[in-house]
Participant: 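Have a look at this one before I ask anything.
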There are 2 protein chains.
Amino acid sequence: MSRPTVAGVARAAGVSVASVSRVLNGLPATEEMVERVQRAVEELGYVPDARARSLKVGRTFQLTLAVADVGNPVYVTMMRAVEEVVAAAGYRLVVTTTGPDVVDEVALVRGMARGYADGLVISPLRVDEDLIKSIRECEVPVVVAGNVPAKTGVDTVRANSPKGILLAVEHLTARGRRQIAFVNGPADTVPGTARAKGFADAMKEFNLRSAGEIEAADFTFAAGRDAGKTLFKKSGPNAVICANDLLAVGVMHELAAYGLEVPNDVAVVGMDDSELAEQSFPPLTSVNLGSAERGRRAAELLLARIEDSTRTPRRIVVQPSLSVRRSTP
Amino acid sequence: MSRPTVAGVARAAGVSVASVSRVLNGLPATEEMVERVQRAVEELGYVPDARARSLKVGRTFQLTLAVADVGNPVYVTMMRAVEEVVAAAGYRLVVTTTGPDVVDEVALVRGMARGYADGLVISPLRVDEDLIKSIRECEVPVVVAGNVPAKTGVDTVRANSPKGILLAVEHLTARGRRQIAFVNGPADTVPGTARAKGFADAMKEFNLRSAGEIEAADFTFAAGRDAGKTLFKKSGPNAVICANDLLAVGVMHELAAYGLEVPNDVAVVGMDDSELAEQSFPPLTSVNLGSAERGRRAAELLLARIEDSTRTPRRIVVQPSLSVRRSTP
DNA sequence: TTGTAGGCGTTATCAT
DNA sequence: ATGATAACGCCTACAA
């Protein structure tokens, strides 16, 4: 009992394959024809083969979102936003994980090049020439939710994290905190470098001296804990800005272990304003870098480019805001 | 500048398409032939079309994992485990979200039926006859990470949540807590019914009277907060078991709002032992329902069935354990 | 309105 | 070892 094909359905219904295809795609046909085909389809349990179909029509109606770490709640926000836009346009969204390394990212873009999906949204942590090259050469449209050089020639939607850090520093100083430390993610990542510079600039703008900077090994909770340990071994800041929410929550745990109270002894600000910021205790003041909007815009750009591959690439920047919660005074 | 195909490569290299295909698939060929083909491939930037390839060979080397809610950290654990097994076997894993409704689940199974992937792991929240039917009729192997009737005839890997709740009750009583309440998810879900029964049985086993039961609207943080509100309006338990970690964290937030301290005033136990349990504050004592192992086993069953579709379906049950943290005394 | 036939890009069979 | 050619399952001119 092999799988039925259009031919099988046609035979069972006593009509031609063309008629079957027409009925299936809602093209005009007689009442009776529709009737017969549908009965046959029902009986055989026929399901069209997506590969063959897309091979013919040139579309899969699938879109892919590639993220570095499914455990990072910022991607949850982004996924939800992308999914919504994409589903409304009649596409199915699939998510794949790349891990933190560029090579995996490159492999993904290369592999996705042909046939798996009609388009791709990637949010790369690290960018190198290889990745840029693979994006340029990709046969299906790619939208980057993040920062790649303009020469890459693709649509991008990125956050303004320096501005976000400025908001955080401003907020902290307004609440009387001036010994501000910064826990960054790896400096060799795109967000890592942007945030390092953003912190330096923001502190200068407010005429403050950094109360310590740590480079965590990853953008993860565990790395945040580690960072917290070294941070409070060497300095005594009364505020910490963290490069994302996971790091911030990790740091808060370490603070508790040191018997320090948030926000009274130390204020903590995260970045991303993910669901975790709301769920953490105390709820985390966090820089909203517009992940939802970035996801939405990225999806829209992708759909637009699928419709018209000749439009000139846009580079959208989403502005941040601050979600003040209980981890700051 | 259209996309190059084998034909284009063949022309550019001055050889036949068959030779190109052979070189690409590592079949025996002359040094020179390999050389010429590879140069042409390089020059044209040729990438094979996955659809056409899989149409011919009958495999996509993609596997799909469908989850109800990407925001639920238990799926993160499961995804990681599945991904690991699947990648080691040379498959690519893609994740799709179904939402909480059966109809979406059914649509997914139906749609996935042909061509998108070589197999499917689903973890359905709600199960009805339609879903069972679509699973039975699915043209590609399906493994259910959860509970469906044996008549469905598929491999399943499920948790033993009643046993898990028993461990929780045992732990709480051992620590002197006997006024135990239960915050469940929706009772019309598979885990919801299992856990409701599990709680009732466990309480009976320990000769305890329930100190309140709430049915949350969802397995989410927000629903946990809502549940917490009504819970402490009507009764004064000194311990709460929650049907998953998100609910537990929501309840803990509400406890704090009421000025109650965890674990001194009220002990809280979650279920799933997800990353959130570790990240929450205080760290959450949680019933480990073996999500990682379930993911691993599910992936293994799927791969095994792809190799041999005739093997008799297995129904694996993973046993729980308790991860004791600071939310219980 | 319906049927016939060609081709989407690939691999596999069969000659050479 | 290499080349021509027939499928894989579907859609869509084009013809009837």
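Lettering follows sequence order; numbering is per chain, from 1.
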Participant: Find the distance between OG1 (T5(A)) and CG (D49(A)) and round it off to the nearest 0.5 Å.
Facilitator: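 Output value for this atom pair is 10.0 Å.
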Participant: Separation of L27(B) atom CG from dC14(C) atom P, in whole Å?
Facilitator: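 Atom CG in L27(B) sits about 16 Å away from atom P in dC14(C).
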Participant: How many Å lie between CZ on F61(B) and C1' on dT10(C), as a whole number?
Facilitator: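 Taking atom C1' of dT10(C) as the reference, CZ of F61(B) is at 14 Å.
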Participant: dG9(C) P sits how many Å from R51(A) CZ, rounded?
Facilitator: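 Rounded to the whole Å, the gap is 17 Å.
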Participant: Is there a donor and acceptor pair closer than 3.5 Å between the side chain of K56(B) and the base of dA12(C)?
Facilitator: no
Participant: Tell me: CZ of R53(A) to P of dT12(D), nearest whole Å?
Facilitator: 8 Å
Participant: Got a salt bridge between R36(A) and E43(A), using NZ or NE/NH1/NH2 to carboxylate O under 4.0 Å?
Facilitator: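 Between E43(A) and R36(A) there is no salt bridge, as every charged N stays at least 4.0 Å from the carboxylate O atoms.
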Participant: Under 3.5 Å, which donor-acceptor pairs do the side chains of residues 6-23 of chain B form with other protein atoms, sequence neighbours left out?
Facilitator:
unit_1	atom_1	unit_2	atom_2	d
S16(B)	OG	A18(B)	N	3.4
S16(B)	OG	S19(B)	N	3.2
S16(B)	OG	S19(B)	OG	3.2

Participant: State which residues pass side-chain hydrogen bond (donor to acceptor under 3.5 Å, both in side chains) with R39(B); sequence neighbours excluded, sorted by chain then number.
Facilitator: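 Checked R39(B) against side-chain hydrogen bond (donor to acceptor under 3.5 Å, both in side chains); zero matches.
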Participant: Under a 4.0 Å N-O cut-off, is there an ion pair linking E293(A) with R297(A)?
Facilitator: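 A salt bridge is present here (some side-chain N lies under 4.0 Å from a carboxylate O).
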Participant: Rounded to whole angstroms, how far apart are CG on L55(A) and P on dT10(C)?
Facilitator: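 Rounding to the nearest Å, CG of L55(A) and P of dT10(C) are 9 Å apart.
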Participant: Return the residues of residues 16-25 of chain A meeting this criterion: a heavy atom under 4.0 Å from some atom of DNA chain C. Order them by number, or give none.
Facilitator: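 Residues of residues 16-25 of chain A that come under 4.0 Å of DNA chain C are, in numerical order, S16(A), A18(A), S19(A), R22(A).
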Participant: When you get a sec, tell me which of dC11(D), dT2(D), dG9(C) is the closest nucleotide to the side chain of T30(B)?
Facilitator: dT2(D)
Participant: Let me know the distance between CZ of R11(B) and C1' of dG9(C), rounded to the nearest Å.
Facilitator: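 In whole Å, dG9(C) C1' and R11(B) CZ are 13 Å from each other.
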Participant: With a 4.0 Å cut-off on heavy atoms, is V57(A) in touch with a base, just the backbone sugar-phosphate, or nothing at all?
Facilitator: sugar-phosphate
Participant: Would you say E84(A)'s side chain and R296(A)'s backbone share a donor-acceptor pair under 3.5 angstrom?
Facilitator: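 A pair under 3.5 Å: no.
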Participant: Using the test ring pair (Phe, Tyr, Trp, His ring centres under 6.0 Å), find all partners of Y46(B) that sit at least two apart in sequence or belong to another chain.
Facilitator: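 Here no residue qualifies.
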Participant: Using atom types as modelled and distance alone, determine if a side-chain donor or acceptor of Y116(B) lies under 3.5 Å from a backbone N or O of T60(A).
Facilitator: yes
Participant: Hey, what do you get for CD (E35(B)) to OG1 (T30(B)), rounding to the nearest 0.5 Å?
Facilitator: 12.0 Å
Participant: When you measure from every atom of DNA chain C, which of residues 36-43 of chain A have a heavy atom less than 4.0 Å away?
Facilitator: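 Residues of residues 36-43 of chain A under 4.0 Å from DNA chain C: none.
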Participant: Which atom pair, heavy atoms only, marks the closest approach of V102(B) to R126(B)?
Facilitator: CG1-O, 3.5 Å
Participant: How bent is the helix from dT1(C)-dA16(D) to dT16(C)-dA1(D), comparing axes over its five end pairs at each side, to the nearest 10°?
Facilitator: 40°
Participant: Under a 4.0 Å threshold between the charged nitrogen and the carboxylate oxygen, would D69(B) count as salt-bridged to R80(A)?
Facilitator: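 Salt bridge: yes.
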Participant: Could you tell me the separation between the CZ atom of R59(A) and the C1' atom of dT12(D), rounded to a whole number of Å?
Facilitator: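 So the two atoms are 17 Å apart, to the nearest Å.
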Participant: Given atom CG of D49(B) and atom P of dC10(D), what is their separation to the nearest angstrom?
Facilitator: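 For the pair D49(B) CG and dC10(D) P, the rounded distance is 17 Å.
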